[in-house]
Amino acid sequence: MKQSIKEILSEKPVGQEVVICGWVRTFRNNQFVAVSDGSCIQTMQVVVNHETMDPALLKRITTGAAVMATGVLEESQGKGQAVEVRANTIEVVGDADPDKYPLQPKRHGMEFLREIAHLRMRTNTFGAVMRVRHNLAYAIHKFFHDRGFYYIHSPIITGSDAEGAGEMFRVTTLPLDNVPKTPEGSVDVKKDFFEKMTNLTVSGQLEAELAALALSRVYTFGPTFRAENSNTTRHLAEFWMIEPEVAFFDLKDNMDLAEDMLRYVIGYALEHCEDDIQFLQDRQLQEEKSKPMAERSPMDLTTKLKFVIDNAFERLTYGEAIEILRNSKPNKKKKFQYLIEGWGADLQSEHERYLVEQHFQKPVILTNYPKEIKSFYMRVDDGDKTVSAMDILFPAIGEIVGGSQREERLDVLTKRMEEMHIPMEEMQWYLDTRKFGTCPHAGFGLGFERLVLFVTGMSNIRDVIPFPRTPGNAEF
RNA sequence: GCCUCCUUAGCUCAGUUGGUUAGAGCGCCGGACUGUUAAUCCGUAGGUCCCUGGUUCGAGCCCAGGAGGGGGCGCCA
């Protein structure tokens, strides 16, 4: 296998011939070709002899062109790099017309790059984001694998429309211009591919619960789809979610697991993506120069990530949070758009941000929410007012994890489903787990892109996934 | 779904109270230089001022509608 630039830079086989394959970033002084192959943030400087090389060939070495260069690795005479390749041969494998190639050796706006998402991974920023994203995904698998969890592949197409997590995308092969109807006039789903109504999954949780009640410790990690018309920097219509589910876990076990996992994967990224994170930190600093002081990040990226690893998350109940908010300055001075009057109020982003960014200044885990504002599958606490739910709130991002201990008691669960109008006939398979060998269990969902957003310091979730899907946009 | 802001050269952005031929930096192209680091220096080219309509002697600028994009809120991960 040919060596990547990352491999060559780590081994530094000075004096040996190497082959560099990649794309031209800059061509300076008719001598120095900075080549990137995306294996790392660094480029390899390929030095060509402009006096002996064919001028027509040199003309074709332009930003974006694919090149293959062979030559001896030498210690660099210049200051910007330790080693460089003195080219014996350089071949332009694929030209990039400089008049038309949209990426220039200069700073571009994120909005512009989003329009050319098919090329934006060739930039330093998106290369770094993609490498960090990969390392976070790998760290998540490693974290669970090392702790005896099994990776469950929950279905993407689901026959259930009661996952309870939001609007769903319909999956059908029926002709839209001539939909078969029943005698009553509704869509005849019996004629559809699966002979029933199907959707893209909004969550693998229910299937993960089935698996947990067989394999004890499981997790899913796959794409999920929400047809919500959400227009924010934190929402995607297609995103990846990690959903661990563990038998015989209670709420505290669940919180411990989530906190350990977040610490582990952030630590993994810090250890394995040092250069990329450093680059992203500088990028963020640059970006924030144009913002007023109050809107800038209080810590630089590395400091922020280390802070999360070194400090325990603040854990408190919903009721305690309400008390803090009720007595807070913005509440008393009526600065909140939604004032907190007392128990039962749904927390808005402004309240979550106050708790995380002002009051505690660290990640916060909120637990035991009123059952009225939470899902049917969450375990009802003693007193019948709250459920064993937990949300982990991160600065700037808000809710990064949502989880709960699940309701394992059949009678309580069916009562809740009735109250919340969940169609029970379709959910018999789910209720079977409560009929046969039910046990306490718990789990949570982690929005992968929100994690990547946090670790990379990017400001829009559309810039941490290669090809974002949002309302009105499914390009590429 | 609601609120708000933006759209001027390939990119990033100026553009005065509505007034002559619409500007800058970078990029591109041409040249010089040849151990550069987003190289530097000199020069050239490059515009449907998002679209449609209106007001006006006159619109990049004002008004209305539309399109595309950003941000905030809601929903949530």
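Just so it is clear: chains get the letters A, B, ... in the order the sequence lines come, proteins before strands, and each one is counted from 1.
Candidate nucleotides B:rA77, B:rG71, B:rC73 were compared by shortest atom distance to the side chain of A:Y338, and B:rC73 ranks first. Residue A:N460 places its side chain closer to B:rG71 than to any other of B:rG35, B:rG71, B:rC73. In this structure, of B:rA39, B:rA77, B:rG35, it is B:rG35 that holds the atom nearest to the side chain of A:Q31. The A:R450 side chain lies nearest to B:rA77 when the options are B:rG35, B:rG72, B:rA77. Listed nucleotides: B:rG70, B:rG1, B:rU12. Nearest to the side chain of A:N229: B:rG1.
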Practice item. Dump the intermediate steps for salt bridge (Lys or Arg N to Asp or Glu O under 4.0 Å) on A:E238 and A:R226, then the final yes or no. Key: CA-CA 7 Å; A:E238 177 182 296; A:R226 307 232 172 134; over 6 Å; no

Exercise for review: Verify salt bridge (Lys or Arg N to Asp or Glu O under 4.0 Å) between A:K304 and A:D300, making sure each step is shown before the conclusion.
Suggested key: CA-CA 6 Å; A:K304 179 185 82 173; A:D300 67 44; over 6 Å; no

Check your understanding: What dot-bracket string describes RNA chain B from 5' to 3', counting Watson-Crick and G-U wobble pairs whose defining distances are under 3.5 Å, with [ ] for crossing pairs and | for pairs to another strand?
Key -> (((((((..((((.....[...))))..((((.......))))......(((((..]....))))))))))))....

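Side-chain atoms of A:N254 and A:Q405 include no donor-acceptor pair closer than 3.5 Å. When only modelled atom types and interatomic distance are considered, A:T63 and A:Q104 share no side-chain donor-acceptor pair under 3.5 Å. Checking A:E84 against A:S76 by side-chain atom types alone, a donor-acceptor pair falls below 3.5 Å. A donor and an acceptor atom, one from each side chain of A:N473 and A:R114, are nowhere located under 3.5 Å apart. A:T232 and A:R234 form no side-chain donor-acceptor contact under 3.5 Å, judged by distance and modelled atom types alone.
Map A:I461 and A:N231 each onto its nearest nucleotide of RNA chain B; the residue landing nearer the 5' end is A:N231. Each of A:G109 and A:T232 has a nearest nucleotide on RNA chain B; the 5'-most of these lies closest to A:G109.
Residues A:Y150 and A:F144 keep their aromatic ring centres 6.0 Å or farther apart. In this structure, the ring of A:H441 has its center no less than 6.0 angstrom from the ring center of A:F249. Between A:H153 and A:Y151, a ring centre-to-centre spacing shorter than 6.0 Å is recorded. The six-membered or imidazole ring of A:Y219 lies near that of A:H141, with a centre-to-centre distance under 6.0 Å.
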If you restrict it to nitrogen or oxygen atoms, what contacts under 3.5 Å exist between nucleotides 27-30 of chain B and the protein, and what is each distance?
| residue | atom | partner | partner atom | Å |
| --- | --- | --- | --- | --- |
| B:rC28 | O2' | A:D99 | OD1 | 2.8 |

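A:R114 has its CZ atom 12 Å from the P atom of B:rU12, to the nearest Å. In this entry the distance linking CG of A:L446 with P of B:rC76 reads 17 Å, nearest Å. If you measure from atom NZ of A:K289 to atom P of B:rU12, you get 19 Å, rounded to the nearest angstrom. If you take CE of A:M261 and P of B:rA77, they are 14 Å apart, rounded to a whole angstrom. In this entry the distance linking CD of A:Q45 with C1' of B:rU34 reads 13 Å, nearest Å. Regarding A:F336, its CZ atom lies at a distance of 13 Å from the P atom of B:rC73, rounded to whole Å.
When the salt bridge (Lys or Arg N to Asp or Glu O under 4.0 Å) test is applied to A:R122, no partner is found at least two apart in sequence or on another chain. Applying the salt bridge (Lys or Arg N to Asp or Glu O under 4.0 Å) test to A:E419 and every residue at least two apart in sequence or in another chain returns A:K415. Applying the salt bridge (Lys or Arg N to Asp or Glu O under 4.0 Å) test to A:E287 and every residue at least two apart in sequence or in another chain returns A:R283. A:D97 is linked by a salt bridge (Lys or Arg N to Asp or Glu O under 4.0 Å) to A:K100, counting only residues two or more places apart in sequence or in another chain.
Of the residues in residues 468-476 of chain A, none has a non-hydrogen atom less than 4.0 angstrom from any atom of RNA chain B. Within residues 345-361 of chain A, the residues approaching RNA chain B are A:D346, A:Q348, A:S349, by heavy-atom distance under 4.0 Å. Taken residue by residue, residues 75-87 of chain A places heavy atoms nearer than 4.0 Å to RNA chain B at A:S76, A:Q77, A:G78, A:K79, A:G80, A:Q81, A:E84, A:R86. Of the residues in residues 122-132 of chain A, not one places a heavy atom less than 4.0 Å from an atom of RNA chain B.
Between B:rA22 and B:rU8, the distance separating the two C1' atoms is 9 Å to the nearest Å. Between B:rC42 and B:rC63, the distance separating the two C1' atoms is 47 Å to the nearest Å. Comparing the same atom, P, in B:rA45 and in B:rG10 gives a spacing of 16 Å after rounding to whole Å. Rounded to the nearest Å, the gap between the P atom of B:rU44 and that of B:rU4 is 47 Å. Using atom P as the reference point in both B:rC3 and B:rG65, the two lie 13 Å apart (nearest Å). Across the C1' atoms, B:rC76 and B:rG69 are found 24 Å apart, a figure rounded to whole Å. Rounded to whole Å, the separation between the C1' atoms of B:rU12 and B:rC6 comes to 15 Å. Across B:rG15 and B:rG60, the matching C1' atoms stand 8 Å from one another, rounded to whole Å.
Among the atoms of the strands shown, base atoms are found under 4.0 Å from some heavy atom of A:S230.
The ring of A:F239 lies on top of the base of B:rA77, close enough and flat enough: under 5.5 Å between centres, under 30° between planes. Stacking between A:H108 and the base of B:rC11 is absent under the criterion of ring centres within 5.5 Å and planes under 30 degrees.
The salt bridge (Lys or Arg N to Asp or Glu O under 4.0 Å) contacts involving residues 331-348 of chain A comprise nothing, where partners must be two or more places apart or lie in separate chains.
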Point to revise | Base-contact (B) and sugar-phosphate-only (S) positions in nucleotides 46-51 of chain B, heavy-atom cut-off under 4.0 Å, - elsewhere | key: ------

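For the side chain to side chain contact (heavy atoms under 4.5 Å, CB included) criterion with A:F444, the lone passing option out of A:Q205, A:E243, A:M261 is A:M261.
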